[in-house]
Peer 1: 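My questions will all concern the structure given below.
Counting from 1, the numbers follow the sequence of the chain as shown.
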Amino acid sequence: DNGVSRDRPYEPIHGRRASGVSMLIEVEQKFPVSDPSALERQLAALGAEHRETVLQVDDYFAHPQRDVARRDEALRLRRVGPLNYITYKGPKLDSTTKTRREIEIQLAAGEQAAADANSLLTALGFARVAEVRKRRTHSTLRWQNREVSVALDQIAELGHFVELEIVTDQADMASAQACIASLACQLGLTNSERRSYLELLLELPKRGQTP
C-alpha cells in the first residue's frame with residue numbers, strides 16, 4: 001500500500017495542473033491539531049470536499065555553496081506513489097504566515113526516475129539532509145468565495161497538523177491571508193507554526209542541526 005487512495009489519481013496540492021512548472025505565491029498557515037477527528041467533522045460541516053489521502057515522502061537537500069536554511073529556502077524531492085516532483089520554496093514573505101514563492105516541476109514517474117533525480121542532485125554537490133514522511137488527507141473548502149486547500153497531516157514523530165493554503169499572485173496576497181485567518185478563527189485553530197516539518201524534525205533530540 002503506497003498510501004494513495006484508489007478513487008482518483010494524486011494531484012499536486014495546488015490542484016491546478018499535474019505537470020509543468022508553477023511559479024506563484026503560496027499563502028499558507030499551519031497549526032498543530034490535538035483532535036484530528038473533531039477537525040474533520042468541523043470541515044465536513046462547512047462543506048469541505050475530500051479529495052485524497054496520500055503518503056508523501058520528501059527528501060530535502062542542502063546547496064553546496066548556499067546556506068538554504070539561513071536564507072529560509074528549501075529544495076525538496078517529493079515522491080507520491082509513482083509520481084515525482086522537485087520543488088523550490090523561497091523565503092517567507094511576512095512575519096505571521098508561511099507565505100512564500102514556490103516553483104514546482106513534475107518529473108518522470110517511477111522509482112528509477114526518483115533515484116535518477118537524487119543522483120543528479122548529489123552529482124551537482126547537493127547533500128541530502130533528511131527525509132520527511134507524512135500521511136496527508138487533502139480536501140478543498142469554499143470560504144469567502146475562495147477555494148482553500150486543507151491538508152490534515154500525520155507525521156509519526158511530530159503528531160497531527162493542518163495546513164490551510166491559497167495559491168495566488170502577489171497582488172492578491174493580502175486578501176488571501178485575510179481569508180485564511182478568517183477560516184482558522186472559524187475552526188478554532190491557534191498557535192500557528194511557521195517552522196517546516198523538516199525544521200521541527202531536526203530540532204528533535206539526536207536529530208542534529210539545521211543545515
Side-chain angles (χ1 to χ4, degrees), residues 3 12-15 24-56 58 60 69-74 76 78 87 89-102 130 132-170 172-205 207 209-210:
I13 187 169
H14 307 149
L24 294 171
I25 299 296
E26 178 187 75
V27 179
E28 177 190 305
Q29 278 197 283
K30 177 168 66 185
F31 302 87
V33 175
S34 58
D35 189 341
S37 296
L39 179 60
E40 286 183 316
R41 290 193 294 271
Q42 284 181 281
L43 291 167
L46 292 175
E49 178 185 352
H50 177 265
R51 291 179 58 193
E52 64 224 343
T53 298
V54 298
L55 175 66
Q56 295 181 346
D58 296 337
Y60 286 86
R70 186 177 297 277
R71 294 170 60 98
D72 193 26
E73 298 173 307
R76 177 187 73 199
R78 168 167 289 176
T87 307
K89 290 178 177 283
K92 299 179 188 71
L93 299 177
D94 63 67
S95 60
T96 56
T97 70
K98 294 182 63 188
T99 302
R100 61 204 307 180
R101 182 190 185 199
E102 177 175 307
V132 178
R133 286 178 173 262
K134 62 176 173 283
R135 189 170 184 84
R136 166 165 286 182
T137 298
H138 180 229
S139 59
T140 56
L141 173 65
R142 294 293 298 180
W143 186 254
Q144 296 184 346
N145 294 318
R146 306 187 70 124
E147 182 175 284
V148 181
S149 292
V150 181
L152 186 58
D153 294 335
Q154 180 181 5
I155 296 91
E157 297 176 77
L158 298 176
H160 292 85
F161 294 83
V162 64
E163 293 186 352
L164 309 177
E165 179 186 289
I166 296 172
V167 176
T168 186
D169 56 35
Q170 192 152 6
D172 186 51
M173 192 172 74
S175 175
Q177 289 171 330
C179 176
I180 285 180
S182 171
L183 178 57
C185 182
Q186 175 69 30
L187 295 171
L189 298 171
T190 58
N191 301 320
S192 175
E193 177 58 73
R194 296 183 77 241
R195 291 170 295 179
S196 68
Y197 293 132
L198 173 63
E199 290 172 309
L200 291 171
L201 284 169
L202 290 174
E203 289 173 8
L204 292 176
R207 273 281 182 170
Q209 302 298 316
T210 303

Peer 1: What is the distance from atom CZ of R133 to atom CD1 of I155, rounded to the nearest 0.5 Å?
Peer 2: 13.0 Å
Peer 1: Flag the pair K30 / S192 as yes when at least one side-chain heavy-atom distance between them is below 4.5 Å, and no otherwise.
Peer 2: no
Peer 1: Testing H138, Q56, R136, R135 one by one against D153 for a side-chain hydrogen bond (donor to acceptor under 3.5 Å, both in side chains), which residue passes?
Peer 2: R136
Peer 1: Contact between R146 and S175 at the side-chain level, heavy atoms closer than 4.5 Å - yes or no?
Peer 2: yes
Peer 1: Could you verify whether a donor N or O on one side chain and an acceptor N or O on the other, from E147 and T140, lie under 3.5 Å apart?
Peer 2: no
Peer 1: Flag the pair E26 and R100 as a salt bridge only when some basic side-chain nitrogen lies within less than 4.0 angstrom of an acidic carboxylate oxygen.
Peer 2: no
Peer 1: Any side-chain heavy-atom pair from L200 and F161 closer than 4.5 angstrom?
Peer 2: yes
Peer 1: Is any side-chain heavy atom of H50 closer than 4.5 Å to a side-chain heavy atom of T137?
Peer 2: yes
Peer 1: Enter the distance from S37:OG to L152:CG here, rounded to the nearest 0.5 Å.
Peer 2: 8.5 Å
Peer 1: Under a 4.5 Å cut-off applied to non-hydrogen side-chain atoms, are L43 and L187 in contact?
Peer 2: yes
Peer 1: Is it the case that atom CD in Q170 sees more than 12 heavy atoms from other parts of the structure closer than 6.0 Å?
Peer 2: no
Peer 1: Is the closest side-chain heavy-atom distance between S182 and Q144 below 4.5 Å?
Peer 2: yes
Peer 1: Please give me the minimum heavy-atom distance between E73 and P91, naming the atom from each residue.
Peer 2: CG-CD, 4.0 Å
Peer 1: I would like to know whether V150 and E163 meet side chain to side chain contact (heavy atoms under 4.5 Å, CB included); could you show each step before the answer?
Peer 2: CA-CA 6 Å; V150 181; E163 293 186 352; over 6 Å; no
Peer 1: Check the side chains of Y197 and D58 for a donor-acceptor pair under 3.5 angstrom, ignoring hydrogens and angles.
Peer 2: no
Peer 1: Search all heavy atoms of A48 against all heavy atoms of L141 and return the closest pair with its distance.
Peer 2: N-CD1, 3.6 Å
Peer 1: If you compare all heavy atoms of L202 against all heavy atoms of A130, which two are closest, and at what distance to 0.1 Å?
Peer 2: CD2-CB, 4.5 Å
Peer 1: Please report the interatomic distance OG1(T53) to CD(Q154), rounded to the nearest 0.5 Å.
Peer 2: 11.0 Å
Peer 1: Take L158 and L204 through the test side chain to side chain contact (heavy atoms under 4.5 Å, CB included) and record every step on the way to the result.
Peer 2: CA-CA 9 Å; L158 298 176; L204 292 176; 4.1 Å; yes
Peer 1: Using 0.5 Å steps for rounding, measure from the CD atom of E28 to the CZ atom of R194.
Peer 2: 11.0 Å
Peer 1: Nearest 0.5 angstrom please: L46 CG to R142 CZ, how far?
Peer 2: 13.5 Å
Peer 1: Please name the pair of heavy atoms, one in P32 and one in N191, separated by the smallest distance, quoted to 0.1 Å.
Peer 2: CD-O, 3.2 Å
Peer 1: Measuring from atom CD of E199 to atom CG of D72, what distance do you get when rounded to the nearest 0.5 angstrom?
Peer 2: 6.5 Å
Peer 1: For E157 and L201, work out which heavy atoms get closest and say how close.
Peer 2: CB-CD2, 3.9 Å
